[in-house]
Amino acid sequence: TPMYATESSFLIIQNEGSGGAGPLGGLLPTQFATSTDAIAVQGYLQSKDAMLRLDADLGFKSHFKETDVDPIQRLSENATNEEAYKLYKKNMKIGYDPTEGMIRMEVVAADPQLSAQFSRRLIVYAQERVNNLSQQKRNDTMKDAIGAHDKAQTTRRDSQAALIKLQIENGIDPEAVIGSLRGTITSYETFLIEKELELAALQDNNRPNRAKVEGVQGDIRRLNQQLVKLNDRMSKPEDGNMSLAQQAVALQLAQADLSNANLNLQVANGVLEQARTEAGRQVRYLTIAVDPVASEEASYPRSFENTILAFLIFGGIYLMISLTASILREQVTA
C-alpha cells in the first residue's frame, strides 16, 4: 500500500534575554540552553501517551485497520495498544539535531491529508508539553516570592496600625512633653543650687538673719517638692495609664517596628520583581520552522531503491548457491 509521509521541523527557544547562568550564559546559543527540553518533547511525541491521544482525537488505530491497507501494515480488528504502539513508532520518526537545535518529524499514513493532520496534531501536543515543561518551577518560584511579599505587607500594616493606636491613645507627643519637663527640671535645679548657695552664705554669718534663713529654706523645700512632682510625672503612670517615659519607649519601639517592616517590604518587593524576571526567563516557546504539508506522491514503498536492494540480495544468494554447487560437483567428480 502506498504510504504518504509529511515532514515538519520545529525548535524550542527560551524567552529573549534569558542569558543563562554564569558570565558566558548570554553568549550561549538558545538551543544549548534548551536541549533538555527538546529531548523531553521528542521523548513525549514518541511515547504511548501521545499515540493514545492521537488515536482519541483523529483515530490513528482505526485508520490502520482499514481494508485498503495491506495485511503487512494493517492492524487487526482486536489490536492491542502495544501492537498499535509498535506501528506508531514505525510510522512516526522524530529526531533532534543538537548542532542546530532543530526537531525534525516525519509522519507516515496511507492518506496524505490524514498524514498532515496527524503531524499538525502532534505539533499541538508538543506545544502543550513545552508550555508545561517549566510551569511548575515558575509557579513554585512565584509562590514563595508572593508569600513573602504578602507577609511583609501584613507585617507593615500591623506595625503601622500599632503606631497609630499608640498615638491615638496617648493623645499627646510624650517625647515633646518629656523634653519640656526636662527643661523645667533643669531650670528648677539651677534655681535650687542658687538657693542652697544663698543659704550657705547666710549660715556663714555669726548672727544670720533668722527670717532670711527661714525664707531661703522654705524656697529650697518648695523647689525640692516641685522637682519630685516633675520627676514623678515623667516616671509614674497616671490614672492607670502608662507613664510619659513608658509612652515614649512604646512609641519609639512602634516606630522602629514600622521602619523595619518598611525595609522588609522593600526587600520583598525586590525579591518579587526578581522572581517575575526569572519566571519570564524560564518561559519556553515552540517555533515551527517547516509547516506540515500533505504530500501528492507516495513516499513509501520506495520501488526503485527496494528493487535494487532485492536484486542485490537475491544476486548474492544466487552466487552463494552457485559457488556451493560448483564446489560440491567438483568434489563428487573427484
Closest approach of Ala261 to Ser159 (non-hydrogen atoms, all atoms of both residues): CB-OG, 4.0 Å
State yes or no: do Val267 and Leu265 share one hydrophobic cluster built from I, L, V, M, F, W and Y residues joined by side-chain heavy-atom distances below 4.5 Å, directly or via other members? no
Separation of Ile12 CD1 from Ile39 CD1 (nearest 0.5 Å): 10.0 Å
What I'd like to find out is whether the side chain of Ser76 reaches to under 4.5 Å of the side chain of Glu83, using heavy atoms alone. yes
Among the clusters formed by ILVMFWY side chains lying less than 4.5 Å apart, do Val293 and Met92 turn up in the same one? no
Determine whether Phe10 and Ile123 make a side-chain contact, defined as any pair of heavy atoms from C-beta on separated by less than 4.5 Å. yes
Kindly say whether Ala256 contributes a backbone atom to a donor-acceptor pair with the side chain of Asn260 at under 3.5 angstrom? no
Is there a side-chain contact between Arg120 and Gln117 (heavy atoms, below 4.5 Å)? yes
Heavy-atom count around Glu297 CD within 6.0 Å, excluding the residue itself: above 12? no
Show me, pair by pair, the donor-acceptor contacts under 3.5 angstrom made by side chains of residues 143-155, not counting sequence neighbours?
from, atom 1, to, atom 2, distance (Å)
His149, NE2, Asn269, OD1, 2.5
Thr154, OG1, Asp150, O, 2.9
Thr155, OG1, Lys151, O, 2.9

Is the side chain of Asp55 donor-acceptor paired with the backbone N or O of Met51 at a distance under 3.5 Å, no angle test? no
In terms of hydrophobic clustering (I, L, V, M, F, W, Y; side-chain heavy atoms under 4.5 Å; direct or indirect links), are Phe64 and Tyr4 co-clustered? no
Can you confirm whether Gln73 sits close enough to Thr1 that some side-chain heavy atom of one is under 4.5 Å from a side-chain heavy atom of the other? yes
Check: Asn224 and Leu192 side chains under 4.5 Å, non-hydrogen atoms: yes
For the residue pair Thr99 and Asp97, confirm or rule out a side-chain donor-acceptor distance under 3.5 Å. yes
Which value, rounded to the nearest 0.5 Å, describes the distance between Ser9 atom OG and Met102 atom CE? 6.0 Å
Interatomic distance, NZ@Lys48 vs CG@Leu54, rounded to 0.5 Å, equals 15.0 Å
Where do Val69 and Met3 land on the side-chain contact (heavy atoms from CB on, under 4.5 Å) test, with the steps shown first? CA-CA 9 Å; Val69 181; Met3 291 290 176; 4.1 Å; yes
Between Ser115 and Thr6, do the side chains contain an N or O donor and an N or O acceptor separated by less than 3.5 Å? yes
When rounded to the nearest 0.5 angstrom, what distance separates NZ in Lys86 from OG1 in Thr80? 8.0 Å
Are Leu45 and Val124 grouped together when hydrophobic residues (ILVMFWY) are joined by side-chain heavy atoms under 4.5 angstrom apart? no
Residues pairing under salt bridge (Lys or Arg N to Asp or Glu O under 4.0 Å) where one sits in residues 58-78, two or more places apart or in two chains, turn out to be none
Using modelled atom types and a 3.5 Å cut-off, is there a donor and acceptor pairing between side-chain atoms of Ser47 and backbone atoms of Tyr44? yes
Evaluate the side-chain proximity of Arg104 to Ile94: yes if any heavy-atom separation is below 4.5 Å, no if none is. no
Between Arg156 and Asn262, is there a side-chain donor-acceptor contact under 3.5 Å, judged purely by atom types and distance? yes
Would you say the ring centers of Tyr88 and Phe60 fall short of 6.0 Å from each other? yes
Looking only at heavy atoms, what is the nearest atom pair of Gly59 and Ser62, with distance? O-OG, 2.9 Å
Compare every heavy atom of Ala5 with every heavy atom of Ser295, then report the nearest pair and how far apart it is. CB-O, 3.6 Å
Does Glu128 pair with Arg53 as a salt bridge, N-O distance under 4.0 Å? yes
Output for pair (Leu87 CG, His63 NE2), nearest 0.5 Å, gives 9.0 Å
Give me the atom names and distance for the closest heavy-atom approach of Leu58 to Arg121. CD1-CB, 3.9 Å
Please report, to 0.1 Å, the donor-acceptor pairs under 3.5 Å made by any side chain of residues 310-328, with sequence neighbours excluded.
from, atom 1, to, atom 2, distance (Å)
Ser322, OG, Tyr318, O, 2.8
Thr324, OG1, Met320, O, 2.8
Ser326, OG, Ser322, O, 2.9

Hey, are the side chains of Leu286 and Ile288 touching, using non-hydrogen atoms and a 4.5 Å cut-off? yes
What's the verdict on side-chain contact (heavy atoms from CB on, under 4.5 Å) for Met142 and Leu272, showing C-alpha distance, side-chain angles and the deciding distance? CA-CA 7 Å; Met142 291 301 300; Leu272 180 60; 4.0 Å; yes
Beyond-backbone contact of Asn81 with Leu52, side-chain heavy atoms, under 4.5 angstrom: yes
In sequence, state the C-alpha distance, the side-chain angles, and the governing distance for Val41 and Val130, and then conclude on side-chain contact (heavy atoms from CB on, under 4.5 Å). CA-CA 7 Å; Val41 171; Val130 167; 3.6 Å; yes
Under a 4.0 Å threshold between the charged nitrogen and the carboxylate oxygen, would Arg210 count as salt-bridged to Glu214? yes
To the nearest 0.5 Å, what is the distance between CZ on Arg221 and CD on Gln226? 13.5 Å
Determine the minimum heavy-atom distance between Gln42 and Tyr96, stating which atoms define it. OE1-CB, 3.3 Å
Search all heavy atoms of Ala50 against all heavy atoms of Tyr125 and return the closest pair with its distance. O-CE1, 4.0 Å
